[in-house]
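Below is one structure, written out as structure tokens; comments come after it.
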Amino acid sequence: MSTFPVLTPSGVPAEVYGQREAQLQRVLIAYIVIGLIFMLLPGTFLGVWNLISISSRHDLETLSPAWMQAHGHAQIFGWIGTFILGIGFYSLSKMGGLPTYAVPRAWITLAFWTVGVCARWHAGVTQWHWRILLPVSAVFELVAFLIFFQTVSGHRPSAGAPRKREPWMLMVIASTAGFLFSLSLNLAAAFQAAWTGIGPAFAHGPDQRLVALQAWGFLVPAIWGFNARWLPVFLGLRPPRAGLLFAALGLAWLSILCGFLQSPQLSAAILPVAAICAVLALQVWEKPAQPPKIQGVHPAFPTFIRISYVWLLVATALWVWAAWADRSGGIWGAARHALTVGFISTMVFCIGQRVLPAFGGARVLYSPNLMFGSLLALTVGCTLRVISEIPAYEGYWQGAWNILPVSAVVELAAVSAFAANLLLTFAHPPAHLRAAK
């Protein structure tokens, strides 16, 4: 009598599926750990050092632009970019459509990506052989992304899965295109700086446009897409309004286009409309249809999700103000911080501590209270930074310089708590294995 292997819904033998699942979990955890290292060391610690240096001199101009750009690159690509690549490999493989070589390619991508981001940070901070390291780092990052993109573009839906792409999928695809454009523009700027520049810092104009593309063409649409997928489940919200969601995306890209066409004021004026469309599309402030699912996380999880969208609206308002009135970088800095820390980081702290433990082997978050502490500290630190950066840099109130270092230390505590919570979560075995002992 012959025996047949037990098959999963995707047609893969259960034993093979289990082995592949374990491999995917190891890959994802490696991506998350590398991303946390970038967040803590070249990202946050360098940012704190930068801010303390600025505050001690009461002058933004005395700090190297290359240092500030290295900090921003480590945060955007080293932290968030690494998270997104890891989640992309894991989630699409789980959906049953990636070939068996996806796992080895994920490791190769991580190696190329890590080398590229490290080289970019090293070139900006030390300026050692920067004319070589700067373009080489950009090449490594782009190659890593192309390996990722070529692998995941072969994704095929599992048997029985709907063929029509849902709105959240289209948003994620659009953000992936923004990711590619950001890396391509970064490559062009790196070669230009290496050929004509006097240091590893990009010129102010190209850097402003690159930051806008990274934020509004890549990071923000990615969050909107993942929110459209997960918030109806986690917060019990009604399904997103697809038309308004696509309108928000189109306006964000229109804003980027206006920026590249040398119309910064028009570009900025479009962003609040895009943000309002996104809020209305996702219905984050409307009455939920179902109770939120907060098992394993802090009960304040839905509140911080909604706070992040307050930061999004604040960021767009500051973006408009900066386009019209910024003189010394204070309003621009506050706008970027409200967006990258207030909106993006708060959302990553919320969603990351909600989904990554489950992705990493059906684990349970180590400490919901530590989650709350990280989110509260992040909110307080970002508030102190935004309200003090404008009067300090723009010369409205000298006492604001004394608040800036405090905001940096509070935010450092926030990211340290976030990293510790995830690392401790992954250091402990999954709950079902602990219960079986």
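Nothing fancy with the numbering, it's 1 onward along the sequence. Just the heavy atoms: all of them, side chains too, but no hydrogens, waters or symmetry mates, feed the values below.
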query = Going by the salt bridge (charged side-chain N to carboxylate O under 4.0 Å, His left out) test, which pairs reach into residues 404-427, not counting sequence neighbours?
reply = none
ask   = Pick one: which of F304, W224, Y309 meets ring-ring contact (aromatic ring centres under 6.0 Å, His included) with F343?
value = Y309
ask   = Do any pairs count as a ring-ring contact (aromatic ring centres under 6.0 Å, His included) and have a residue in residues 403-426, sequence neighbours left out, and if so which ones?
value = F349-F418
remark   = Sorted by chain and number, sequence neighbours left out, side chain to side chain donor-acceptor pair (under 3.5 Å) with H71 holds for none
query = With a 4.0 Å cut-off, would you call R306 and E286 a salt bridge?
reply = no
key: Straight-line distance of I87 CD1 to L356 CG, nearest 0.5 Å   = 5.0 Å
task = Using a cut-off of 6.0 Å, state whether more than 12 heavy atoms not belonging to W324 lie near its atom CH2.
result = no
inquiry  = Consider ring-ring contact (aromatic ring centres under 6.0 Å, His included). Of F179, F145, F181, which one does F218 pass it with?
reply    = F179
task = Would you please name every residue forming a salt bridge (charged side-chain N to carboxylate O under 4.0 Å, His left out) with R385, sequence neighbours left out?
result = E389
key: Set of residues satisfying side chain to side chain donor-acceptor pair (under 3.5 Å) with respect to Q265, sequence neighbours excluded   = none
query = CD of Q69 to CG of D207: how many Å apart, nearest 0.5 Å?
reply = 4.0 Å
message = With a 4.0 Å cut-off on N to O distance, would you call E141 and R120 a salt bridge?
response = no
request  = Any ring-ring contact (aromatic ring centres under 6.0 Å, His included) involving residues 184-213? Give me the pairs, sequence neighbours left out, ordered by first then second residue.
outcome  = none
task = Report yes if the distance between the aromatic ring centroids of F89 and W107 is under 6.0 Å, otherwise no.
result = no
inquiry  = Let me confirm one number: the CG-NE2 distance from L210 to H73, rounded to the nearest 0.5 Å.
reply    = 8.5 Å
request  = Would you indicate whether F359, at its atom CZ, is surrounded by more than 12 heavy atoms from other residues, nucleotides or ligands within a distance under 6.0 Å?
outcome  = yes
query = Are the ring centres of W253 and W216 closer than 6.0 Å?
reply = no
